Amino acid sequence: MRSRLQLTRRQILAFRRRVGGLDARTPMGSESLERAAWAGLQDSMPRAALLSLHARVEDVEPSTWAHPSLAQLWGPRYSTYVVAKRDFGLFSVGRLPDDAKGRLRAEQTAERLRCHLGEARMTDREAGRALGLGNSIRYAAPTGTVAIRWEGARAPTIWAVPAPEIDPADARRELARRHLHIFGPTTAESFARWAGISRRAAAAAYASLEGSLLPVRTPLGDEWLLADDEPVVLAAETAPAPARLLPSGDAYFLLDGAERSLLVPQADRRQQLWTSRVWPGALLVDGEARGTWRRSQHTVRIDVWGRLSRTARAAVEAEAASLPLPVDREIAVAWVTAPQ
């Protein structure tokens with residue numbers, strides 16, 4: 001068995017930016033949008049998925065989140081996600097509980113919901129009240145038979161769709177590959193937490209990928225990478241983008257536990273980014289997390305960690321001005337902490 005590949009923090013973050021499409025935007029089109037949504041785009045905050053697309057794809061407009069190549073569903077951990085339409089089965093059936101009790105709950109909830117909805121569309125609140133299930137109607141999502149559309153305000157609209165023709169184990173295996181590619185190096189335990197599935201199911205998915213995995217050693221310990229990604233992680237580092245404004249829940253910092261210390265080594269700054277309530281957005285400057293940001297209408301408020309050069313500050317302001325937000329005024333930047 002080959003020795004573990006040693007990887008540094010710098011190599012890992014450069015790899016994640018590269019595979020995550022954050023160093024350079026790709027031309028607008030279905031292929032670029034699907035690639036940007038390779039591990040799904042969390043959309044629990046209004047239009048977060050749109051801003052994640054904007055960070056990776058050129059010419060994104062306020063309506064791009066509803067592109068025909070994309071779809072919404074309750075994905076990992078039952079959060080609202082935008083995914084490639086062709087990947088609907090992966091992000092739903094791939095999370096179907098592997099225990100008899102959990103699977104029965106999902107299937108029974110889905111059947112009750114399907115019978116109630118028929119061909120109709122209604123809000124999840126209306127359906128939840130009618131069935132006496134409330135928010136637990138989301139337990140039907142892993143069957144792949146519930147689609148949603150959430151405009152960013154009010155309750156999402158839901159409707160019944162045919163079950164995807166994919167085996168749950170196959171879907172979970174591919175979902176694990178997606179997680180390894182975007183979040184790697186990583187572990188089965190991290191995959192379980194991200195997907196909201198059992199550790200047993202995550203371990204089984206990793207075991208099924210055994211021949212495709214590369215053992216690596218990182219500052220966090222022993223982890224795994226897709227063997228196909230070895231040339232990418234070892235490739236010469238490319239120039240990072242001057243600035244990116246990543247929305248709350250973006251895949252690049254959708255991390256927990258010790259994983260967060262790799263991206264943000266300083267504990268006090270981690271507390272500012274991963275708050276106990278709604279997370280702010282993350283500010284990337286030259287590939288490093290340099291602060292947080294929030295938006296209120298047409299104003300983007302940026303709290304930077306330390307000094308920024310005039311060039312970096314101009315790049316941040318240009319990035320903010322380009323945000324594809326449905327506002328009728330120019331975006332204004334308010335520096336909460338002076339970049340000095």
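Hydrogens, waters and symmetry mates play no part in the numbers below; they use all other heavy atoms, side chains included. Only a predicted model underlies this, so the values are computations on that prediction, with no experimental measurement involved.
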Report task. Could you tell me whether Glu58 atom CD has more than 12 heavy atoms of other residues or ligands within 6.0 Å of it? Result ->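 Enclosed.
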
Which label fits [X] and [Y]: parallel for a plane angle under 30°, tilted from 30 to 60°, or perpendicular past 60°?
X      : Y      : result
Trp279 : Trp274 : perpendicular
Phe91  : Trp194 : perpendicular
Phe191 : His179 : tilted

Query raised in the report: With a 3.5 Å cut-off and no angle check, do the side chains of Thr145 and Thr143 form a donor-acceptor pair?
Result: yes

Taking every non-hydrogen atom, the tightest pair across [X] and [Y]:
X      : Y      : answer
Leu273 : Gly281 : CD1-O, 3.9 Å
Glu223 : Thr186 : CB-O, 3.4 Å
Val82  : Trp65  : CG1-O, 4.3 Å
Trp74  : Pro156 : CZ2-CG, 4.4 Å
Ala49  : Leu41  : CB-CB, 3.8 Å
Pro142 : Pro97  : CB-CD, 4.2 Å

Would you indicate whether the side-chain heavy atoms of [Y] and [X] approach each other to under 4.5 Å?
X      : Y      : answer
Val336 : Val304 : no
Leu5   : Arg217 : no
Leu263 : Tyr252 : yes

Query raised in the report: Are Leu254 and Gln42 close enough, and set up right, to give a side chain to side chain contact (heavy atoms under 4.5 Å, CB included), and what steps lead you there?
Result: CA-CA 9 Å; Leu254 190 58; Gln42 194 174 124; 3.6 Å; yes

Could you tell me whether [X] and [Y] make a salt bridge, using a distance below 4.0 angstrom between a side-chain N and a carboxylate O?
X      : Y      : answer
Asp43  : Arg47  : yes
Glu319 : Arg244 : yes
Asp222 : Arg4   : yes
Glu288 : Arg9   : yes
Arg35  : Glu31  : no

Query raised in the report: In the single-linkage hydrophobic clustering (I, L, V, M, F, W, Y; side-chain heavy atoms under 4.5 Å), do Trp224 and Leu13 co-cluster?
Result: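 Same hydrophobic cluster.
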
Measuring from [X]:[atom1] to [Y]:[atom2], what's the distance to the nearest 0.5 Å?
X      : Y      : atom1 : atom2 : result
His116 : Ile137 : NE2   : CD1   : 9.0 Å
Phe183 : Arg178 : CZ    : CZ    : 12.5 Å
Asp229 : Arg18  : CG    : CZ    : 10.5 Å
Ile197 : Arg172 : CD1   : CZ    : 5.5 Å
Arg56  : Arg25  : CZ    : CZ    : 10.0 Å
Asp256 : Ser190 : CG    : OG    : 6.5 Å

Report task. Determine, step by step, whether Arg173 and Ser208 satisfy the side chain to side chain contact (heavy atoms under 4.5 Å, CB included) criterion, reporting the C-alpha distance in whole Å, the side-chain angles of both residues, the deciding distance to 0.1 Å, and the verdict. Result -> CA-CA 7 Å; Arg173 181 184 306 111; Ser208 70; 3.1 Å; yes

Query - Lys/Arg cation over aromatic Tyr78: Arg138, 6.0 Å, 45° cone - result: no

